[in-house]
J.: 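Below is a structure I'd like to ask you about.
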Amino acid sequence: LKQVGYSQEDLLTLSSGLIWIEFLFCAVLSLNASFVYEREGGALQGLLLTGVDPQSLYFSKFLFNLAFLLVLEAFTLCCHCLLFGLDLSSISLALFALVLLASIGLSAVGTLLSSMLACVSGREFMLPLIMFPLFIPTLGAAVMLTAEILSTGSLDISSFWFTLLCGLDLIFLALGSVLFQFVVWE
């Protein structure tokens with residue numbers, strides 16, 4: 001993009017949105033396959049018949065999805081920096097904290113929705129259609145905070161966007177843990 005007239009400042013401005021679009025598509029691809037094997041092989045029903053608490057099952061699947069998503073995001077961010085020639089070494093800690101916070105919300109919503117859509121025949125199309133509108137506030141906060149980190153080099157934890165992101169994470173985790181037990185028994 002430098003060859004077509006974009007300066008380093010323009011690349012930083014564009015990168016805050018591009019990074020999260022890349023992360024969102026990685027999340028959709030990884031979450032689509034999250035519960036498929038458990039549903040198709042009957043492993044989920046077998047786990048539930050052993051007396052495992054559905055909330056424990058939700059949080060274990062959530063943690064796995066979160067860890068897998070963080071690995072994908074780290075790889076994607078490295079590729080993004082290489083392609084756009086960005087140096088994020090000075091802000092890596094603040095950016096990692098933000099990516100972790102936003103990924104918690106994304107993984108919480110995605111785990112619940114992928115468990116709901118595991119038996120649906122068009123789950124590859126349904127998950128983005130349902131997840132994107134639910135994730136728009138979190139995505140907006142993440143993009144605004146990323147732009148702030150890229151411009152100032154720090155993460156302001158007293159900002160509205162940070163408070164919104166933390167609140168949405170708590171809401172998504174609470175709703176996911178409560179609603180998951182109704183999803184898995186259906």
Side-chain angles (χ1 to χ4, degrees), residues 11-35 55-84 86-116 127-128 130-180 183:
L11 289 176
L12 286 176
T13 304
L14 290 172
S15 286
S16 61
L18 286 176
I19 288 170
W20 286 102
I21 289 172
E22 294 163 3
F23 288 171
L24 196 57
F25 285 120
C26 285
V28 167
L29 291 174
S30 67
L31 289 169
N32 259 330
S34 182
F35 275 92
Q55 286 183 338
S56 300
L57 192 58
Y58 171 78
F59 281 113
S60 64
K61 200 65 171 171
F62 160 75
L63 288 174
F64 173 77
N65 286 337
L66 179 63
F68 189 68
L69 189 57
L70 287 173
V71 168
L72 280 175
E73 288 170 343
F75 177 75
T76 304
L77 190 60
C78 290
C79 290
H80 182 87
C81 289
L82 286 174
L83 287 173
F84 290 103
L86 298 176
D87 181 25
L88 301 179
S89 59
S90 62
I91 56 171
S92 60
L93 186 60
L95 192 59
F96 175 74
L98 173 63
V99 168
L100 179 64
L101 267 177
S103 296
I104 287 172
L106 180 58
S107 183
V109 169
T111 301
L112 178 66
L113 292 177
S114 65
S115 67
M116 288 171 51
L127 183 63
I130 297 172
M131 190 172 75
F132 286 170
L134 290 174
F135 197 66
I136 284 176
T138 304
L139 183 66
V143 168
M144 295 302 286
L145 288 170
T146 303
E148 178 184 324
I149 289 172
L150 291 176
S151 65
T152 65
S154 65
L155 179 63
D156 182 18
I157 61 171
S158 63
S159 71
F160 166 75
W161 298 111
F162 186 81
T163 307
L164 178 68
L165 189 59
C166 291
L168 287 171
D169 283 354
L170 291 175
I171 290 169
F172 289 152
L173 276 172
L175 285 176
S177 67
V178 170
L179 295 177
F180 186 75
V183 171

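The basis for the numbers below is simple: all heavy atoms, side chains too, and nothing from hydrogens, waters or symmetry mates.
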J.: Let me see the working for F160 and T163 under side-chain contact (heavy atoms from CB on, under 4.5 Å), right down to the final yes or no.
T.: CA-CA 5 Å; F160 166 75; T163 307; 5.6 Å; no
J.: According to side-chain hydrogen bond (donor to acceptor under 3.5 Å, both in side chains), does anything in residues 23-32 pair up with another residue at least two apart or in another chain? List the pairs.
T.: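 Not a single pair qualifies under side-chain hydrogen bond (donor to acceptor under 3.5 Å, both in side chains).
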J.: Determine which pairs satisfy salt bridge (Lys or Arg N to Asp or Glu O under 4.0 Å) with at least one residue from residues 104-113, sequence neighbours left out, and list them in order.
T.: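 Listed once each, the pairs would be none.
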J.: Can you name the one residue among T111, L69, L134, T138 that meets side chain to side chain contact (heavy atoms under 4.5 Å, CB included) with L106?
T.: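 Of the listed options, the one satisfying the test is L69.
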J.: With a 4.5 Å cut-off on side-chain heavy atoms, are I130 and M116 touching?
T.: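 Answer no - side chains too far apart.
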J.: Testing the basics here: between L145 and S159, what is the closest heavy-atom pair and its distance to 0.1 Å?
T.: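 Taking L145 first and S159 second, the nearest heavy atoms are CD2-OG, 3.7 Å.
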J.: Could you report the tightest heavy-atom contact between L31 and G110, atom names first, then the distance?
T.: CD1-CA, 3.4 Å
J.: So among V99, L155, L95, which one has a side chain to side chain contact (heavy atoms under 4.5 Å, CB included) with T146?
T.: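 The passing option is L95.
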J.: Do L98 and L165 pass the side-chain contact (heavy atoms from CB on, under 4.5 Å) test, and can you show the C-alpha distance, the side-chain angles, and the key distance before you say yes or no?
T.: CA-CA 9 Å; L98 173 63; L165 189 59; 3.6 Å; yes
J.: Would you call the rings of Y58 and F62 parallel, tilted or perpendicular, where under 30° means parallel and over 60° means perpendicular?
T.: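 If you compare the ring of Y58 with that of F62, the planes turn out parallel.
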J.: Tell me if the CG atom of L175 is crowded by more than 12 foreign heavy atoms within 6.0 Å.
T.: yes
J.: Show, in sequence, the C-alpha distance, side-chain angles and deciding distance for F132 and L139, and conclude whether the side-chain contact (heavy atoms from CB on, under 4.5 Å) test is met.
T.: CA-CA 9 Å; F132 286 170; L139 183 66; over 6 Å; no
J.: Under the criterion side-chain contact (heavy atoms from CB on, under 4.5 Å), I'd like the reasoning laid out for L77 against F96: C-alpha separation, chi angles, the key distance, then a yes or no.
T.: CA-CA 10 Å; L77 190 60; F96 175 74; over 6 Å; no
J.: Could you report the tightest heavy-atom contact between L70 and S103, atom names first, then the distance?
T.: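 L70 and S103 have their closest heavy atoms at CD2-OG, 3.8 Å.
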J.: Report the relative orientation of the aromatic rings in F64 and F68; use parallel for angles under 30°, tilted for 30 to 60°, perpendicular for over 60°.
T.: parallel
J.: Which value, rounded to the nearest 0.5 Å, describes the distance between F180 atom CZ and L57 atom CG?
T.: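 The distance works out to 4.5 Å.
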J.: Might you confirm whether atom CD1 of I157 has over 12 heavy atoms from other residues, nucleotides or ligands at distances under 6.0 Å?
T.: no
